[in-house]
Amino acid sequence: MGVSGEMAETAAAGRLDSETLATLHRVFGYEAFRGEQEAVVDHVVAGGDAVVLMPTSGGKSLCYQIPALVRPGTGIVVSPLIALMQDQVDALRALGVRAGFMNSTQDFDERRVTEAEFLAGELDLLYLAPERLRLESTLDLLSRGKISLFAIDEAHCVSQWGHDFRPDYLALSLLGERWPDVPRLALTATATDATHREITERLNMPAARHFVASFDRPNIQYRIVPKTDPRRQLLSFLREEHAGDAGIVYCLSRNSVEKTAEFLSSNGVEAVPYHAGLDAGTRAAHQSRFLREEGLVVVATIAFGMGIDKPDVRFVAHLDLPKSVEGYYQETGRAGRDGLPSTAWMAYGLNDVIQQRKLIQSGEGDEAFRRRAQSHLDAMLGLCETVQCRRGQLLAYFGQDPDAAGCGNCDTCLTPPETWDGTVAAQKVLSTVVRLKRERGQKFGAGQIIDILLGKRTAKVIQFDHDQLSVFGIGEELTEGEWRGVTRQLLAQGLLAVEGEYGTLVLTEASGAVLRREREVPLRKEPKKPAAARGGSRGDRKAKAAAAELPAELVPAFEALRAWRGEQAREQGVPAYVIFHDATLREIATAWPTSVAQLGGISGVGEKKLATYGEGVLAVLAGLAGEQASAPAPGPAPASAGDAGSGPHDWPEDEPEPEPDDWI
């Protein structure tokens with residue numbers, strides 16, 4: 001390329017850069033991009049394909065929204081969200097973006113209007129469920145319009161190695177074949193190296209540029225506590241640390257969801273259930289309440305919440321062990337999207353390990369599927385049993401380098417666990433399994449093994465003469481809880497296995513080395529009381545977020561703005577965060593603008609919102625100023641871009657959750 005050509009290219013790039021920044025400020029109210037956002041946007045605006053791995057709250061949606069607004073035509077967003085596409089579109093329209101969606105929730109006339117808007121070039125963004133792209137009528141419609149880009153959201157759904165595989169995603173490679181000149185983005189917050197490779201291969205994006213941001217979410221405190229009485233443990237956690245906060249509680253079964261929601265409600269915590277067994281109207285109502293109300297807890301199966309755009313979810317709790325680290329990371333990532341301190345809390349015990357092993361053995365799928373499931377579970381167990389920094393282990397799982405010094409904001413960093421030489425204890429458990437098999441031809445579950453070790457003459461022990469075994473009573477040095485911990489860790493380390501529908505324990509190939517004293521077995525000491533009671537108090541978390549807290553004299557302004565926002569949201573029938581995020585209200589309260597021009601300089605206040613809400617915000621502040629002697633001094637400069645416009649994830653239109661009703 002000659003000098004003049006290089007100069008022209010540089011000038012064109014400069015114009016595009018200027019246009020993207022102007023669009024960012026005009027529409028979203030941000031002064032600058034964050035992290036990899038700008039590089040992704042520039043690459044796609046120039047026509048390149050991209051694979052984007054970025055954590056929840058990292059700003060993935062801006063990576064396709066800005067190019068769709070800058071490039072000619074309509075950006076097509078392929079998303080597995082069904083029930084909440086309307087909310088996504090409402091949020092974008094509140095910003096002045098011309099957005100629409102097409103899915104099975106619309107009637108014929110609504111779809112016709114959206115189709116006409118697309119063909120007339122009157123849409124900036126059009127959201128489609130992946131299953132609609134299997135329809136020739138949809139492909140024909142798209143071929144008759146002008147497309148600026150294809151954004152494939154939640155791209156990990158294409159991977160059979162991933163935790164959330166969706167067969168409809170396999171057909172999305174046709175987009176590159178049918179529209180080779182239209183740039184494509186594949187975006188996800190959850191991908192191991194294997195999943196990353198499979199996304200690239202299955203979507204046929206060999207020439208795509210890859211952008212991988214850090215998966216670290218430093219505002220989330222990860223905590224895993226020994227499971228004793230999980231519902232009461234959850235209640236204590238909520239009362240002590242998250243009273244009045246919005247959050248999500250995950251359970252594996254519908255039955256557990258119902259009982260947990262009822263238990264919380266009866267104990268003063270407002271909670272609603274969500275699972276595929278509820279009728280569509282109830283699910284929609286509970287989902288709407290969660291998005292629009294403050295302080296509501298949703299108890300749910302995995303069918304709820306993927307990619308949820310509620311910024312003030314302060315906690316995510318698990319009462320059952322997730323099936324994979326990917327699933328755990330994705331679910332916990334729904335907390336703290338606004339960057340403020342949040343908690344990922346889980347109660348974990350022996351029965352979780354046994355139950356998950358049984359599910360893998362008895363579940364559908366071929367041997368390769370079971371091996372993948374077992375590999376995922378092993379990694380999840382490793383995270384639960386680690387004595388190292390949990391955040392570091394999470395980052396390492398996704399192929400990223402952790403801080404060697406630890407994160408300082410997980411339970412193993414705040415309260416380092418003790419370890420002990422559990423070789424003799426392991427030999428006692430394994431010997432009991434051996435004795436039952438060799439001398440009685442029997443196999444039993446963990447409960448019977450532990451009763452034998454403790455020398456308990458229960459009805460079952462007496463019935464089978466297990467008090468006559470040589471191992472009877474040889475484990476009285478440990479408590480029942482400690483033996484359950486030993487057994488759980490032996491299962492996690494692959495030194496015991498679960499067999500059959502009753503969850504009986506059997507030896508593995510690795511057991512022999514322990515019995516022959518050829519292998520030592522280090523174990524994590526069971527804490528005397530749950531780790532949640534130490535190092536993670538509400539006060540501690542607030543102290544770490546002092547910069548995010550307002551001075552006492554500004555709290556009335558912030559609360560007045562929140563009250564005004566709530567009224568606006570109720571009048572319009574939209575979630576409060578669609579009006580303004582808490583972070584924006586905090587900055588308004590701090591800066592205390594007295595003119596529309598000053599308000600326009602606040603991060604998160606774009607042109608559309610300034611025109612719609614500017615006078616209302618200034619009126620609230622003016623009313624407060626009349627009651628005060630003087631207004632506070634202006635605050636800091638606006639922050640950078642956030643994660644605008646992503647939304648909750650619903651299961652495919654005609655497919656229920658893949659779990660039985662009575663897992664636990």
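The basis for the numbers below is simple: all heavy atoms, side chains too, and nothing from hydrogens, waters or symmetry mates.
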Between Lys310 and Arg334 (side chain of the first, backbone of the second, donor and acceptor by atom type, cut-off under 3.5 Å), is there such a pair? no

Donor-acceptor pair, side chain of Gln233 and main chain of Pro226, under 3.5 angstrom: yes

Just by distance, do the side chain of His581 and the backbone of Ala583 share a donor-acceptor pair under 3.5 Å? no

Taking the side chain as every heavy atom from C-beta outward, state whether Thr419 and Pro522 have any atom pair closer than 4.5 Å. no

For a side-chain contact (heavy atoms from CB on, under 4.5 Å) with Val486, tell me which candidate from Leu491, Val521, Val429 qualifies. Val429

Trace of the side chain to side chain donor-acceptor pair (under 3.5 Å) decision for Thr423 with Asp421: CA-CA 6 Å; Thr423 307; Asp421 183 354; 2.6 Å; yes

Classify the side-chain pair Arg314/Ser342 by whether it contains a donor and acceptor separated by less than 3.5 Å. yes

Heavy-atom donor-acceptor pair, Arg390 side chain to Leu383 backbone, under 3.5 Å: yes

Inspect the surroundings of NZ in Lys259 and state if more than 12 heavy atoms from other residues, nucleotides or ligands are less than 6.0 Å away. no

Taking Ser511 for its side chain and Leu495 for its backbone only, find out whether a donor-acceptor pair lies under 3.5 Å. yes

Which of parallel (below 30°), tilted (30 to 60°) and perpendicular (above 60°) describes His242 and Phe315? tilted

Residue pair Arg337 / Tyr577, side-chain donor-acceptor N/O under 3.5 Å: no

Please answer whether the main-chain N or O of Gly336 pairs with a side-chain N or O of Asn219 as donor and acceptor at a distance below 3.5 Å. yes

Any side-chain to backbone donor/acceptor pair from Gln393 onto Cys384? Under 3.5 Å, distance only. no

Which of parallel (below 30°), tilted (30 to 60°) and perpendicular (above 60°) describes Phe237 and Trp345? parallel

Compute whether any side-chain donor of one residue and acceptor of the other, for Glu331 and His318, lie under 3.5 angstrom apart. yes

Please check this pair: side chain of Asp320 against backbone of Leu252, looking for a donor-acceptor N/O pair closer than 3.5 Å. yes

Whether His210 and His196 hold their rings parallel, tilted or perpendicular, with breakpoints at 30° and 60°: tilted

Distance-only, no hydrogens or angles: does the Tyr127 side chain make a donor-acceptor pair with backbone N or O of Gln88 under 3.5 Å? no

Taking CD in Gln388 as the centre, count heavy atoms belonging to other residues, nucleotides or ligands within less than 6.0 Å. Is the count above 12? no

